[in-house]
Amino acid sequence: MFNSENTLNKHQQLLRFSSSMNNNYQGWQGDLDTVSFDAGNIKNKLMNLNSPCYILNKEGQIGISNQGSLSYSANGKTQQLEMVLTVPAIGFHQLGNPSFLEFYGVKYAYMTGAMAQGIASEEMVIALGKANILSSFGAGGLSPARIETAIHKIKQALHHKSFAFNLLHSPSEPAIERRSIDLYLQHQIRIIEASAFLDLSDNIVYYRAAGLSLNSANEIEIKNKIIAKVSRREVAIKFLEPAPTKILNQLVQQGLITELQANLAAKIPMADDITVEADSGGHTDNRPLVCLLPSILELRDEIQRKYGYEQPVRIGVAGGISTPQSALAALMMGAAYIVTGSINQSCIEAGTSEHTKKLLAEAEMTDVMMAPAADMFEMGVKLQVLKRGTLFPLRAQKLGELYKNYNSFAEIPPDEIEKLEKQILRKTIAEIWQETSNYLSQRNPEKLSKAANNPKLKMALIFRWYLGLSSRWSNTGEKGREIDYQIWCGPAMGSFNNWVRNSYLADIKNRRVVDIADQIMTGAAYLYRIQNLKIQGLQMPEEFSQYHPVYNNPI
């Protein structure tokens, strides 16, 4: 706030008007007492988003009022005040695509993305859902029983409010993906967030088509909604176009969908919304948003012209969204909605340990790096993780190098095996293989039998033991394994920490997902107003162009 004498002296004339535009055809009628010329009250009036701002000139000094009305007069002057310009009240429904709000019944063009293994927890989804903010449960990596428990808990708490469940693509284990789809259809989960897809699977097409019907007006009714998270044009195309005819025909033959549903599926896109994922935590291609979003928007428009959908696919963004500035930048670039991820992991409701939350709250933007992913280890896929306070990324890279350079454990030099067992795995290879065999005998016996005759696959499965458990250790707070915690994180976390430094949100005990959503959207609306005024020629101190979290800020 600008309440110090030094600051006021520095900005003796806080606001200046530099435009040559002449607004004298309009005047202002109101009480002079409602006009503020001092820094603190000017900032407060700019922050009053529910009311318009009238910018007034009194003998060369610029002031602001939220009250009064416009009037037409010969010279635009009333009570020695000249009307310079005005900006209207701004509602949150004006940020992003209004159809997103209507489609999902939410108050913001804002959602929180799924973070696997229940990091995006039931508590997080419920808290946001009760506040009419869309959130996606992190079902990836969880057992069907665990997912079903979450379904019951969330549905009981939210009733008819909107929420989503994640569908994490499992190309090497399609049966796992199918079990999730069966659960979602059985329990009528109407929104899924599809992530990590490289190509369309039969499962996701089945989910989409199984929810199609015609209403009384003979219009296509889409019950099963899909929000697809992509970072590549070739994947975006698959979700922008209708489902492949080949897969639809197979589903009809299998008796999973009707011919009518197959015909309807050929007339709508695979996804209702596509989230363009830039440089994010977890699975990411580290794409720059300013390059990726325009490309996907252009692609959407091209496909829309081809198919003429009644409702064009909305394009949102994720990756790097962590402050009012980044939120507004994405929305001004044309994003229909924004998605936050990394920053929610340090919140009270996140399914992460206190130690992990503390590390996240201390992270800088540069405290991240890429490491091999457990679910697609053999394919060489990597994900972005936190490197501050953990050796996981370096140790995971070591496992990736060993897998790349050797075909079996027998080829690895004995001294390397000793380091591997004592420093990284902290168990013998034989012990880990026994645990892995017990696990696969229940979950995927076919893969277990393949590994018996394939030493390279056996090596990958043992390495995946460490890669998979390390993220669970981080979530549960496994004692003695802190140095091995795998914490999915993008540079957005560091940007958020910089923004909230010296505010009440610097303390993780104060970080609640709904509060953060409110602060980011309020800040984005405020900054939109500031930019609107600047574009019209109003000059002001740069400090006015910052929004910092305000405790108990009324929304």
Side-chain angles (χ1 to χ4, degrees), residues 1-4 7 39-50 92 95 107-108 110-112 115 119-121 123-133 135 281 320-328 338-365 367 386 388-389 487 489-530 541-555:
M1 285 298 190
F2 301 89
N3 51 15
S4 72
T7 302
N41 285 322
I42 285 176
K43 182 70 177 284
N44 289 338
K45 284 180 166 55
L46 290 170
M47 282 286 299
N48 187 0
L49 302 175
N50 294 321
F92 295 107
L95 298 177
K107 68 176 181 179
Y108 293 149
Y110 177 112
M111 71 172 286
T112 66
M115 292 168 284
I119 294 175
S121 64
E123 292 75 16
M124 183 177 293
V125 175
I126 290 169
L128 288 157
K130 287 182 176 179
N132 291 324
I133 301 171
S135 180
I321 307 300
S322 57
T323 63
Q325 289 91 337
S326 56
L328 181 61
I338 56 175
V339 183
T340 57
S342 295
I343 63 174
N344 301 314
Q345 294 184 103
S346 64
C347 289
I348 292 171
E349 300 90 347
T352 52
S353 66
E354 289 302 309
H355 182 81
T356 294
K357 290 174 182 175
K358 186 174 183 294
L359 290 178
L360 287 165
E362 296 171 349
E364 300 286 348
M365 283 186 285
D367 288 335
L386 185 69
R388 185 189 186 101
I487 304 170
C489 182
M493 190 74 248
S495 180
F496 176 83
N497 289 334
N498 290 335
W499 174 51
V500 303
R501 187 170 287 123
N502 300 323
S503 79
Y504 76 102
L505 287 176
D507 187 344
I508 58 174
K509 295 178 182 178
N510 293 329
R511 294 187 180 183
R512 297 183 180 275
V513 285
V514 173
D515 198 15
I516 286 174
D518 290 341
Q519 294 289 351
I520 288 177
M521 292 302 287
T522 298
Y526 169 77
L527 295 178
Y528 175 77
R529 166 170 280 183
I530 294 298
E542 284 305 315
E543 293 93 336
F544 281 158
S545 300
Q546 301 297 323
Y547 174 87
H548 299 289
V550 180
Y551 188 65
N552 283 337
N553 184 55
I555 302 302

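In what follows, every heavy atom counts, from backbone to side chain, and hydrogens, waters and symmetry copies are set aside. Since the model is a prediction, treat every value here as computed from it, not as a measurement.
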Look only at the side chain of [X] and the backbone of [Y], and say whether a donor-acceptor pair between them is shorter than 3.5 Å.
X    : Y    : result
S346 : I343 : yes
N497 : A363 : yes
R529 : L46  : yes

Which atom names give the shortest non-hydrogen contact between [X] and [Y], and what distance separates them?
X    : Y    : answer
A131 : V514 : CB-CG1, 3.8 Å
T112 : S135 : OG1-OG, 2.7 Å
S322 : S326 : N-OG, 3.0 Å

Please enumerate all residues that pass side chain to side chain contact (heavy atoms under 4.5 Å, CB included) together with [X], with sequence neighbours excluded.
X    : answer
I508 : E354, K357, A361, R511
P324 : W499, L527, Y547
D507 : K509, N510
K358 : E362

Task: Pairing residues for K45 by the salt bridge (charged side-chain N to carboxylate O under 4.0 Å, His left out) criterion, not counting sequence neighbours - done: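 In terms of salt bridge (charged side-chain N to carboxylate O under 4.0 Å, His left out), with neighbours along the sequence ignored, K45 is linked to no residue.
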TODO: Name all residues meeting the salt bridge (charged side-chain N to carboxylate O under 4.0 Å, His left out) criterion together with E349; count only those two or more places apart in sequence or in a different chain, and write none if there are none.
DONE: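 Not a single residue meets the salt bridge (charged side-chain N to carboxylate O under 4.0 Å, His left out) criterion with E349.
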Task: Ion pair R512/D518, N-O distance below 4.0 Å - done: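 No, this pair does not count.
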Could you grab the distance from atom [atom1] of [X] to atom [atom2] of [Y], nearest 0.5 Å is fine?
X    : Y    : atom1 : atom2 : value
Q546 : Q325 : CD    : CD    : 5.5 Å
I321 : S342 : CD1   : OG    : 11.0 Å
S545 : Y526 : OG    : OH    : 7.0 Å
L359 : L386 : CG    : CG    : 6.0 Å
N498 : M365 : CG    : CE    : 5.0 Å
S121 : I348 : OG    : CD1   : 11.5 Å

State, yes or no, whether a side-chain contact exists between [X] and [Y] at a heavy-atom distance under 4.5 Å.
X    : Y    : answer
T522 : F92  : yes
M493 : Q345 : no
H548 : S503 : no
T340 : I516 : no
E543 : K43  : no

Task: CA sep, side-chain torsions, deciding dist, call: M521, K107, side-chain contact (heavy atoms from CB on, under 4.5 Å) - done: CA-CA 11 Å; M521 292 302 287; K107 68 176 181 179; over 6 Å; no
